[in-house]
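Working notes, beginning with the structure itself.
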Protein chains: 2
Amino acid sequence: MLSKKTQYALYALTHLAKEYGKGPVLIGKIAEDEKIPKKFLEGILLELRNKGIVSSKKGKGGGYYLLKRPEEVTLVEVIRGFDGAIALLPCVSEKYYEECSSCKDEATCGIKSIMKEVRDKTVELLSNNTLADIILKENMLKNI
Amino acid sequence: MLSKKTQYALYALTHLAKEYGKGPVLIGKIAEDEKIPKKFLEGILLELRNKGIVSSKKGKGGGYYLLKRPEEVTLVEVIRGFDGAIALLPCVSEKYYEECSSCKDEATCGIKSIMKEVRDKTVELLSNNTLADIILKENMLKNI
DNA sequence: ACAAAGTCTACCTTATAAGTAGATTTTGTT
DNA sequence: AACAAAATCTACTTATAAGGTAGACTTTGT
């Protein structure tokens, strides 16, 4: 399971993607619409800002806005940024690899080989989908 | 990521699968071979016993052994039994479904539709693989 | 000057992961 | 019957992270 933080980040980013190019959106507006605790969301947006995905404007008329284009933000980067590895086992992770503590030979480990298939498929799906795809799917589902 | 508990459970079960039909295996033997803290493993094996996957024999000559056949134990049931849901979001889980707290309409939620693809693929892979498959893959990888 | 925004620092509470210690019960062997 | 080898049970411990809150501070448009 993704942490609440990651889930909220995905909903907040989708919200901002829908308002892309329309100027800053208030934290309070996002929090209310997406039902995210406001103070918690503040911290999440700050993290997204540090990662260079969103930017903000202070003072009256301020708020948050997407810095990258919606087509450029993949789900995998958001999830990795908050929760870390996608893989189910450390010995199978691309970005957070750790040597297997239990098995004698990673090259012939059967568990590893299955978990690697799972990771590859998951990464594939999460890399091929961006914020733009989320909106696209939403529109497709609505118009039919 | 799977919890250590689940990881250890998978390694312990694979060990027992390799000894299937050869009588009880000592906790200490499994712990040593698979590098699992013995006391921790005790608790894991007890849980696996409550789930009806393994059984045990007390006293001299005792130990643990697989109750089901290796072909009957899927990875998905082990993982679900210890860590719970496979899905990345509660609203996409088969066995641990929870209504989405944020989205207005789950039927048209774009995030949900992508996460459902991920879950379906993961469940497919983890259901189609059993302890017997782990051993099979291991042998394949070794013999070539 | 003022109010509306985001920003920063510092908390809090609860649950879970991961592991340990030691007494108890069962059972095969002598 | 005695003994020792096993699993079993109860009860801790310790550390970390999740999830969230409070309030003072800074920036900026009007």
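Sequence lines set the chain letters: A, B, ... in the order given, protein chains first and strands last, and positions in each chain run from 1.
Of all the residues in residues 47-65 of chain A, A:K57, A:K58, A:G59, A:K60 reach under 4.0 Å from DNA chain D with at least one non-hydrogen atom.
Taking atom CG of A:L26 as the reference point, atom P of C:dT7 lies 12 Å away to the nearest angstrom. Atoms CG (A:L41) and P (C:dC8) sit 15 Å apart, rounded to a whole Å. Rounded to whole Å, the distance from CG on A:L46 to C1' on C:dT7 is 6 Å.
Cation-pi check for A:K51 over A:F82 is met; the charged atom lies under 6.0 angstrom from the ring centroid and within 45 degrees of its normal.
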Between the protein and nucleotides 16-22 of chain D, list the N/O to N/O atom pairs that are separated by less than 3.5 angstrom.
residue: D:dG19; atom: OP2; partner: A:K4; partner atom: N; Å: 2.8

Indicate every side-chain donor-acceptor pair of residues 131-138 of chain B with a distance under 3.5 Å to a residue at least two apart or in another chain.
residue: B:D133; atom: OD2; partner: B:T130; partner atom: N; Å: 2.8
residue: B:D133; atom: OD2; partner: B:T130; partner atom: OG1; Å: 3.1
residue: B:K137; atom: NZ; partner: A:E117; partner atom: OE2; Å: 3.3
residue: B:E138; atom: OE1; partner: A:G110; partner atom: N; Å: 2.5
residue: B:E138; atom: OE2; partner: B:K18; partner atom: NZ; Å: 2.8

Do any side-chain atoms of residues 35-42 of chain B form donor-acceptor pairs under 3.5 angstrom with protein atoms, and if so which ones, sequence neighbours left out?
none

Kindly list each side-chain donor-acceptor pair under 3.5 angstrom involving residues 2-17 of chain B, sequence neighbours excluded, with atom names and distances?
residue: B:S3; atom: OG; partner: B:T6; partner atom: N; Å: 3.3
residue: B:S3; atom: OG; partner: B:T6; partner atom: OG1; Å: 3.0
residue: B:S3; atom: OG; partner: B:D83; partner atom: OD1; Å: 2.7
residue: B:K5; atom: NZ; partner: B:E47; partner atom: OE2; Å: 2.7
residue: B:T6; atom: OG1; partner: B:D83; partner atom: OD1; Å: 2.8
residue: B:T6; atom: OG1; partner: B:D83; partner atom: OD2; Å: 3.2
residue: B:Q7; atom: NE2; partner: B:L2; partner atom: O; Å: 3.0
residue: B:T14; atom: OG1; partner: B:L10; partner atom: O; Å: 2.7
residue: B:H15; atom: ND1; partner: B:E34; partner atom: OE2; Å: 2.8

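Between B:K121 and B:E124 a salt bridge is recorded (basic side-chain N to carboxylate O distance below 4.0 Å).
Counting non-hydrogen atoms under 4.0 angstrom, A:I27 reaches the backbone sugars and phosphates but no base.
Considering only heavy atoms from C-beta on, A:Y64 comes within 4.5 Å of A:I27 through its side chain.
With hydrogens and angles ignored, the 3.5 Å screen pairs a side-chain donor or acceptor of B:Y96 with a backbone N or O of B:R80.
For the salt bridge (Lys or Arg N to Asp or Glu O under 4.0 Å) test, residues two or more places apart in sequence or in another chain that qualify with A:D120 are A:K116.
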